[in-house]
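In what follows, a single structure is set out as structure tokens and then discussed.
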Amino acid sequence: MSFSVVIVAAGSSTRAGPGEPKPWRTLAGRPILRWSVETFLAAGAAEVVVVTAADRIAAAGDALAGLVGWRAVEGGATRALSVQAGLAALAADGQTPVLIHDAARPFVTAAHVAALLTALDTADGAILALPVADTLKRGQATVRETVSREGLWRAQTPQAFRRATLTRAYAAWPGDAEPTDDAAVVERAGGRVALSPGDPMLMKLTYPEDFAMAERLAGAARVTCIGQGVDAHRWGPGEAVWLCGVKIDHDQTLIGHSDADAGLHALTDAILGAIGDGDIGEHFPPTDPQWKGAASDRFLLHAAQRVTARGGRILNVDVTLICERPRIRPHRDAMRARLAELLALPLARVSVKATTTEGMGFTGRQEGLLAQAVCAVEMPA
């Protein structure tokens, strides 16, 4: 089922302690906002609208660099106004389901999305909720009463609605009141809101101590996958060769359907291999004329985007070029810099090395060049 998403990220995060507002802090090395945007896009969202403060629009672009299918809009003075700004920015029709989500809940999954969309089949809205397990007390300095927890639930986000239903409900909401969640708006308008089982992992980052707990959870929820790639091309007549995205003047060139950049081809295969997504030939068949002479950085960017779309991130890459000529060392720093730029990695996580086979084999006879690559990718468990 097609669905849209509005992510609210315009709050000031005053309870979270000193530092950046919550969406812009990092969790396991990634901006908190990016966690949920990546998940929704990977789950099939038709569009994702991030609602944030006017002075954070550019920051959203930095936090979500490389992702496709989202846009940022300016929010309002309250959460309710921000949600309505997000709804107004959606391109989908009024009957398309829309999920409203707080950016401060990074551990949303595709399973949460599927459960909400299923529950929405028979209701006007659907929320993820957990039964209250703790004993509840009412009072200030002392307890005045113990409150029954029977039938009480802790509401989480995302929450799912038909866009038209939620828009009409907000239009009927009194302007002098601020709802604590979107389900309350639909409830007041007479809508039926279904309860779907929540998830303790779907915690909301609110107080300073929450971030330390989230870091521990993020480590437990991720796995590291290793990919390996190998590519070889033969030498032929030419005046330059492309290796790891850098053009090197040479008395020969590598022969191939594209620009024959063996370094980028091997690394592309390593990244695809790490996520079990086939190989470069499946994604860019050499029989397809559109790839004739194509720059191989397009292949590498495609593989990197496949990782991002699945909620993963590339941790580091290591390329080894095996040849007698040209000499790689004078160009190694430029190659590392180019790979770091293409993959948005710190330079320290990019390695390019070269070796020879001491005159042995096809590389030793200078018939061709061989490239090997290894990469580590962090993926959702």
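For the numbers below, each heavy atom of this structure counts, side chains included, while hydrogens, waters and symmetry mates do not.
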* Asked: Yes or no on side chain to side chain contact (heavy atoms under 4.5 Å, CB included) for L369 and L243, after CA distance, side-chain angles and deciding distance?
  -> CA-CA 10 Å; L369 179 145; L243 289 172; 4.0 Å; yes
Expected output: side-chain [X] to main-chain [Y] donor-acceptor under 3.5 Å:
{"X": "H331", "Y": "P326", "value": "no"}
{"X": "R34", "Y": "A65", "value": "yes"}
{"X": "Q159", "Y": "A183", "value": "yes"}
{"X": "E324", "Y": "G359", "value": "yes"}

* To do: Could you please spell out the steps behind the salt bridge (charged side-chain N to carboxylate O under 4.0 Å, His left out) verdict for R79 and D182?
  => CA-CA 10 Å; R79 184 186 184 282; D182 306 288; 3.1 Å; yes
What closest approach, in Å, do [X] and [Y] show between heavy atoms, and which atom pair accounts for it?
{"X": "L315", "Y": "R349", "answer": "O-CD, 2.9 Å"}
{"X": "A295", "Y": "D259", "answer": "CA-OD2, 3.4 Å"}
{"X": "P179", "Y": "W173", "answer": "CD-NE1, 3.4 Å"}
{"X": "A89", "Y": "V73", "answer": "CB-CG1, 3.8 Å"}
{"X": "V143", "Y": "K137", "answer": "CG1-CD, 3.9 Å"}
{"X": "H233", "Y": "A262", "answer": "CD2-CB, 3.9 Å"}

Spell out, yes or no, whether [X] and [Y] are grouped together once hydrophobic residues are joined by side-chain heavy atoms under 4.5 Å, including indirect joins.
{"X": "V48", "Y": "W24", "value": "yes"}
{"X": "F161", "Y": "L195", "value": "yes"}
{"X": "W35", "Y": "M201", "value": "yes"}
{"X": "L33", "Y": "L41", "value": "yes"}
{"X": "L301", "Y": "I275", "value": "yes"}

Rounded to the nearest 0.5 Å, how far apart are [atom1] of [X] and [atom2] of [Y]?
{"X": "L267", "Y": "D269", "atom1": "CG", "atom2": "CG", "value": "9.5 Å"}
{"X": "M335", "Y": "W242", "atom1": "CE", "atom2": "CH2", "value": "11.0 Å"}
{"X": "S258", "Y": "I280", "atom1": "OG", "atom2": "CD1", "value": "6.5 Å"}
{"X": "L321", "Y": "T355", "atom1": "CG", "atom2": "OG1", "value": "10.5 Å"}
{"X": "L202", "Y": "H101", "atom1": "CG", "atom2": "NE2", "value": "6.5 Å"}
{"X": "D210", "Y": "K22", "atom1": "CG", "atom2": "NZ", "value": "8.5 Å"}

* Asked: side-chain contact (heavy atoms from CB on, under 4.5 Å) with I100: which of T157, D181, V51, L87?
  ->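 Answer to the side-chain contact (heavy atoms from CB on, under 4.5 Å) test with I100 among T157, D181, V51, L87: L87.
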* Asked: For P158, which of V108, I127, V5 qualifies under side-chain contact (heavy atoms from CB on, under 4.5 Å)?
  -> V108
Take atom [atom1] in [X]; do more than 12 heavy atoms of anything else shown fall under 6.0 Å from it?
{"X": "E282", "atom1": "CD", "result": "yes"}
{"X": "R71", "atom1": "CZ", "result": "yes"}
{"X": "K353", "atom1": "NZ", "result": "yes"}
{"X": "E150", "atom1": "CD", "result": "no"}
{"X": "E178", "atom1": "CD", "result": "yes"}

Is there a side-chain contact between [X] and [Y], using heavy atoms and a 4.5 Å cut-off?
{"X": "M213", "Y": "M203", "value": "yes"}
{"X": "L152", "Y": "P131", "value": "no"}
{"X": "M360", "Y": "R365", "value": "no"}
{"X": "L27", "Y": "E215", "value": "yes"}
{"X": "F3", "Y": "V113", "value": "yes"}
{"X": "L339", "Y": "V352", "value": "yes"}
{"X": "H283", "Y": "L272", "value": "yes"}
{"X": "Q84", "Y": "T167", "value": "no"}

If you measure only the distance, is there a donor-acceptor pair under 3.5 Å linking the side chains of [X] and [Y]?
{"X": "D261", "Y": "S296", "value": "no"}
{"X": "Q372", "Y": "T320", "value": "no"}
{"X": "T268", "Y": "H265", "value": "no"}
{"X": "D199", "Y": "Q156", "value": "no"}
{"X": "T357", "Y": "T363", "value": "yes"}
{"X": "R325", "Y": "Q366", "value": "yes"}
{"X": "D124", "Y": "T165", "value": "no"}

* To do: Would you please indicate if the ring centroids of F284 and H302 are separated by under 6.0 Å?
  => yes
* **Ring centers of H250, W235 separated by less than 6.0 Å** => yes
* Would you verify whether the NZ or CZ of R25 falls within 45 degrees of the ring axis of F211 while also being under 6.0 Å from that six-membered ring's centre? => yes
* Asked: Which is it for R138 and E145 under the salt bridge (charged side-chain N to carboxylate O under 4.0 Å, His left out) test, yes or no, and what are the steps along the way?
  -> CA-CA 5 Å; R138 179 177 283 118; E145 65 173 317; 2.6 Å; yes
* Given L136 and T146, is the side chain to side chain contact (heavy atoms under 4.5 Å, CB included) satisfied, shown in steps? -> CA-CA 6 Å; L136 299 177; T146 298; over 6 Å; no
* Asked: So, E378 and R313, do they make that salt bridge, N to O below 4.0 Å?
  -> yes
